[in-house]
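The block underneath contains the structure these notes are about, expressed in structure tokens.
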Number of protein chains: 2
Amino acid sequence: MEKVERAAIKVAQTLESEILSGALSDGSNLPTERQLLDRFCTSRTVIREAIALLDSRGYLITKPRHRPIVRRPGFDSAFSVVRNAASQLLTDAQGLRNLFETRIFMEKALVRHLALHARRDDIVQLKAALEANKQCIDNSEAFYQTDIAFHRVLYRAMNNPIYVSIHETYILWLKQRWQQMPDCQQRNQRNYDEHTLIYQAILERDAEQAEKIMGQHLENSWQDVKMTFELIRQETKISEAATGEASLLID
Amino acid sequence: MEKVERAAIKVAQTLESEILSGALSDGSNLPTERQLLDRFCTSRTVIREAIALLDSRGYLITKPRHRPIVRRPGFDSAFSVVRNAASQLLTDAQGLRNLFETRIFMEKALVRHLALHARRDDIVQLKAALEANKQCIDNSEAFYQTDIAFHRVLYRAMNNPIYVSIHETYILWLKQRWQQMPDCQQRNQRNYDEHTLIYQAILERDAEQAEKIMGQHLENSWQDVKMTFELIRQETKISEAATGEASLLID
DNA sequence: AAAGAAATTTGGTCCTACCAAAATTGGGCC
DNA sequence: GGCCCAATTTTGGTAGGACCAAATTTCTTT
């Protein structure tokens, strides 16, 4: 179509189609830059630019001094791109709340759906996840993992990989927040209890109840997240005050 | 933290923080590469790499032979990144269905929410969108726009910009499909009727009914989308057959 | 003051070179 | 033969210079 197309884009498109067609198989290494340079009869600049492009679109995963690894993109890679793009929005309290709100909305809808349409197997998995969750109440790290696993069952039950990717993205976004939360066995217990109530509501096919409990559950979680947020604000305030003093001294 | 960090990343981070702080104001041009080169005491290679990075993360919009334009990212830019990343998945029938399924799920949940919590203003906007929709039944292009506008009201009613971005992304993904649909006034009429039923259900605060109609509405839409998909498949089949004949002739 | 021509700047591409980190090779040892 | 460690080669990251065509700016002309 367009004759004036940047060279890197053409190379990237060629490689992209080879990745999609399987000529470059998933998980294998990309040829070295000098090999590609040779093959495409172009400069290393262009090759490296093309690699950067493919990386940004999720066709490759690159580590600083290593050969790029080919990755046939799925929905997860699509979402891995948003992760970076939105990362900055998570430092803003309102942005994070907006995001968390969509999660609440999503999971409320999920449990409603499950309460109405859960199959036997879904129930079994939920039960198992709940049990694993119970075993870890006294271990915050392990509890966090099983907590995630419990929620993941909800997404998985949709039988559509996109939901799983969405869940993983939420987790990734919230991970840094969780790492700043203090250990609190009481919180674990509360979360477990709420999980149990959700499970029971689904078991009893009570969509209203399931949705309601999930709403409460996640609003409670939000309070935890918000708390870490305010902790940080206090810290920065303190450090600002400190630098303020320093500047006074300088004056 | 890490002493072994790629130079381009450091430059990108510096520029990123300047964009976020407003030192580089939204809409303004980035300094020329040579100016940046001078400022950061590094090679043009690194500068260009940093620019590519910022571009891929939505902090800049670049046109081939022009200065990059600074863009303070919002949720929409975050989603604009997914648009590219997922575009290839839309050529796969299963991928598109998975995507459409999430839209159905989302909008069913939206109308349920609206039926339960719509405020007077939301109703007014829905009514207006519906009326505009009605006026365009005989004009597919205009109908398409008002159709989108009607659904957009649902997302907007959540008072959270993320929902709007999600909607825009769905629209963008499906746009190319719609462009391949044949004009069909009958289809417009059907869609309008369904919109009306949804509106009425919300008006009557009948969440179940609203959700049900929305489900039917979007499943019908899916049939339209799917149809365009099969049209393409037939065409490629035909062209393949043609090339097959050609090769026979060559033999 | 507006329009057009000339000069300058800038982005895209190419090349060469260097260094440190990986990958590969080659021994030497068990 | 198989395994581990050192020497060697290859490779990715960065620097810096060069060239061209497209953009931009400056200057001239009307």
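Here the structure is a predicted model, which is why all the values come from computation and not from measurement. By convention in this document, chain letters (A, B, ...) are assigned in the order of the sequence lines, proteins followed by strands, and residues within each chain are numbered from 1.
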*Hey, does B/Arg177 have a side-chain heavy atom less than 4.5 Å from the side chain of B/Leu96?*
yes
*Taking the nucleotide of DNA chain D with the closest heavy atom to each, which residue, B/Arg44 or A/Arg48, is nearer the 5' end?*
A/Arg48
*Please state how far atom CD1 in B/Ile47 lies from atom C1' in D/dG16, giving the value in whole angstrom units.*
13 Å
*Please determine, for the side chain of B/Arg65, which listed nucleotide (C/dA21, C/dC15, D/dA23) has the closest atom?*
D/dA23
*Between atom CG in A/Asp38 and atom C1' in D/dG12, what is the gap in whole Å?*
17 Å
*Starting at CD of B/Glu49 and ending at P of D/dG13, how long is that distance when rounded to a whole Å?*
7 Å
*Out of D/dA15, D/dA21, C/dT13, which has the shortest distance to the side chain of B/Val46?*
D/dA15
_Any donor-acceptor N/O pair, B/Asn160 side chain to A/Asn98 backbone, under 3.5 Å_ = yes
*Backbone of B/Ser17 reached by a side-chain donor or acceptor of B/Ser21 within 3.5 Å*: yes
*asked:* Restricting to non-hydrogen atoms, name the atom on B/Phe143 and the atom on B/Asn133 that form the minimum distance, rounded to 0.1 Å.
replied: CE1-ND2, 3.3 Å
Might you list the N or O atoms of the protein lying below 3.5 Å from N or O atoms in nucleotides 6-8 of chain D, with each pair's distance?
none

*Which word best sums up how the rings of B/Tyr170 and B/Tyr155 line up, parallel for under 30°, tilted for 30 to 60°, or perpendicular for over 60°?*
tilted
_How long is the straight-line distance from CD of A/Glu107 back to CD1 of A/Ile166, given to the nearest 0.5 Å?_
10.5 Å
*Flag, side chain of B/Arg187 to backbone of B/Ser140, donor-acceptor distance under 3.5 Å*: no
*Contacts to DNA chain C from residues 24-37 of chain A, heavy-atom cutoff under 4.0 Å, which residues?*
none
*Is any side-chain nitrogen or oxygen of B/His66 closer than 4.0 Å to OP1 or OP2 of D/dA22?*
no
*Backbone of B/Leu53 reached by a side-chain donor or acceptor of B/Ser56 within 3.5 Å*: yes
*Could you say whether A/Arg67 or A/Cys41 is positioned toward the 5' end of DNA chain C, judged by the nucleotide with the nearest heavy atom to each?*
A/Cys41
*Please confirm whether A/Arg103 makes a cation-pi placement over A/Phe100, using NZ or CZ under 6.0 Å from the six-membered ring centre and within 45° of the ring normal.*
yes
*A/Thr42 side-chain N/O to C/dT13 phosphate OP1/OP2 under 4.0 Å*: no
*Can a side chain N or O of A/Ser43 be found less than 4.0 Å away from OP1 or OP2 on C/dC14?*
yes
*Between A/Ile51 (CD1) and D/dG12 (C1'), how many Å, whole number?*
9 Å
